[in-house]
Amino acid sequence: MKRIAILPILASLFLLALLAGADEACEPAEIQTQIQAQLDRLAEDPVSALTEIIHLALAGLQACPDDGYEFSGYAGAQPVLGPVAVSEGLHIITMTTEGSARIDGVALGGCGKDLDGAIHNFSAGQGLYGAANLVEAQDDCVFYLELSKITAYWELSITKVD
C-alpha cells in the first residue's frame, strides 16, 4: 500500500521536472492532464495506469527535448544516464576526466547510428582537457548513455550545435 501512495508523488515530481524543461513546441498542460487522469485511476488498475504514465512521460520527453545536459561522477559505480532527450540536429558530447572512459549510446528510436553504439573510448589522460565527439540525431529522440571503464572523477556535457 505504501508503494502505491509513493508512486503518485514520484510521477508528480517527474512531471514537474518535465514541465521545467518544456519549450514552446510541447504541450505541458495536455501532458499534465493525461498523467493526472492516470493517477486518478491508479487505485483501480495500478499496473495499467503506471504503464500509461511511463508512456506519457517518454512521449513528453520526446515532445519537449532539452538540448543541454551536464553530468558528473566519480570512479567506481558505472552509471547509466538517461533518459536523455535531444532534438534533431548536431550535438557535441564532451567527457572531461583524468582517467579512462568508455561511453556507449543506447537509442530508443529515431536517433540514428551516431547515438547507438560507442561514442567515446579513451585511455587515461586523453580526456584531461575534454574529449569531444560530434553526433547527429536524425530526429527528435530519446537515448541512454552507458558509462564504463571509469577510473577517475568525470564530467560529461551534451550541447546542441546551433
**Student:** Distance-only, no hydrogens or angles: does the Ser100 side chain make a donor-acceptor pair with backbone N or O of Lys149 under 3.5 Å?
**Tutor:**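 Yes.
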**Student:** If you measure from CG on Asp104 to CG on Leu115, what distance do you get to the nearest 0.5 Å?
**Tutor:**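 Atom-to-atom, Asp104:CG and Leu115:CG are 12.0 Å apart.
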**Student:** Might you point out which heavy atoms bring Ile150 and Tyr74 nearest each other, and give the distance in Å?
**Tutor:** CG2-O, 4.1 Å
**Student:** Step by step, would you call His91 with Val161 a side-chain contact (heavy atoms from CB on, under 4.5 Å)?
**Tutor:** CA-CA 5 Å; His91 304 269; Val161 177; 5.9 Å; no
**Student:** Might you point out which heavy atoms bring Ala137 and Ser87 nearest each other, and give the distance in Å?
**Tutor:** CB-O, 3.7 Å
**Student:** Check for a donor-acceptor pair, side chain of Asn133 on one end and backbone N or O of Ile119 on the other, with a separation under 3.5 Å.
**Tutor:**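 Yes, the answer is positive, given that a donor and an acceptor are paired below the 3.5 Å cut-off.
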**Student:** Looking at every non-hydrogen atom in both residues, tell me the closest pair between Ala152 and Gly99 and how far apart they are.
**Tutor:** CB-N, 3.5 Å
**Student:** Please round to the nearest 0.5 Å and tell me the distance separating atom OG of Ser148 and atom CG of Asn121.
**Tutor:** 7.5 Å
**Student:** What's the verdict on side-chain contact (heavy atoms from CB on, under 4.5 Å) for Thr33 and Ile31, showing C-alpha distance, side-chain angles and the deciding distance?
**Tutor:** CA-CA 5 Å; Thr33 302; Ile31 295 169; over 6 Å; no
**Student:** Show the nearest heavy-atom pair for residues Trp154 and Pro79, with the distance to one decimal.
**Tutor:**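 Trp154 and Pro79 have their closest heavy atoms at CZ2-CG, 3.8 Å.
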**Student:** With distance as the sole test, does Gln126 use its side chain to make a donor-acceptor pair with the main-chain N or O of Ser123 at under 3.5 Å?
**Tutor:**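 Looks like yes, one N/O pair under 3.5 Å.
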**Student:** Considering the options Ile53, Val47, Ile54, which one meets the side chain to side chain contact (heavy atoms under 4.5 Å, CB included) requirement together with Thr51?
**Tutor:**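 Between Thr51 and the candidates, side chain to side chain contact (heavy atoms under 4.5 Å, CB included) is satisfied uniquely by Val47.
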**Student:** Between CD1 of Ile92 and CG of Leu134, what distance do you get to the nearest 0.5 Å?
**Tutor:**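 Answer rounded to 0.5 Å: 6.0 Å.
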**Student:** For Thr97 and Tyr153, indicate whether the former's side chain and the latter's backbone hold a donor-acceptor pair under 3.5 Å.
**Tutor:**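 Flag set: sc Thr97 to bb Tyr153 pair under 3.5 Å.
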**Student:** Any chance you could measure Gln138, atom CD, to Asp140, atom CG, to the nearest 0.5 Å?
**Tutor:**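 It is 12.5 Å, given to the nearest 0.5 Å.
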**Student:** Checking Val142 against Val86 for the side-chain contact (heavy atoms from CB on, under 4.5 Å) test, could you report, in this order, the C-alpha distance in whole Å, the side-chain angles of both residues, the deciding distance, and whether it holds?
**Tutor:** CA-CA 7 Å; Val142 177; Val86 295; over 6 Å; no
**Student:** Test your reading of the model: is there a side-chain donor-acceptor pair from Asp139 to the backbone of Cys111, 3.5 Å cut-off?
**Tutor:** no
**Student:** For the backbone of Ala85 and the side chain of Tyr69, can you confirm whether one donor and one acceptor N or O come within less than 3.5 Å of each other?
**Tutor:** yes
**Student:** Can you tell me how far the CZ atom of Phe143 sits from the CG atom of Leu108, to the nearest 0.5 Å?
**Tutor:** 9.5 Å
**Student:** Under 3.5 Å, is there a donor-acceptor pair between the side chain of Gln78 and the main chain of Gly76?
**Tutor:**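 Flag set: sc Gln78 to bb Gly76 pair under 3.5 Å.
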**Student:** Can Glu30 and Gln34 be counted as having a side-chain donor-acceptor contact under 3.5 angstrom?
**Tutor:** yes
**Student:** So, for Leu147 and Leu81, which heavy atoms are closest and what is the spacing to 0.1 Å?
**Tutor:** CD1-CD1, 3.8 Å
**Student:** Does the side chain of Ile103 come within less than 4.5 Å of Leu156's, by heavy atoms?
**Tutor:** yes
**Student:** When the ring planes of Phe122 and His120 are compared, do they come out parallel, tilted or perpendicular, using 30° and 60° as the limits?
**Tutor:** perpendicular
**Student:** How many angstroms lie between atom CD of Gln36 and atom CG of Leu56, to the nearest 0.5 angstrom?
**Tutor:** 12.0 Å
**Student:** Do you know which two heavy atoms are closest between Ser48 and Arg41, and how far apart they sit?
**Tutor:** OG-NH2, 2.6 Å
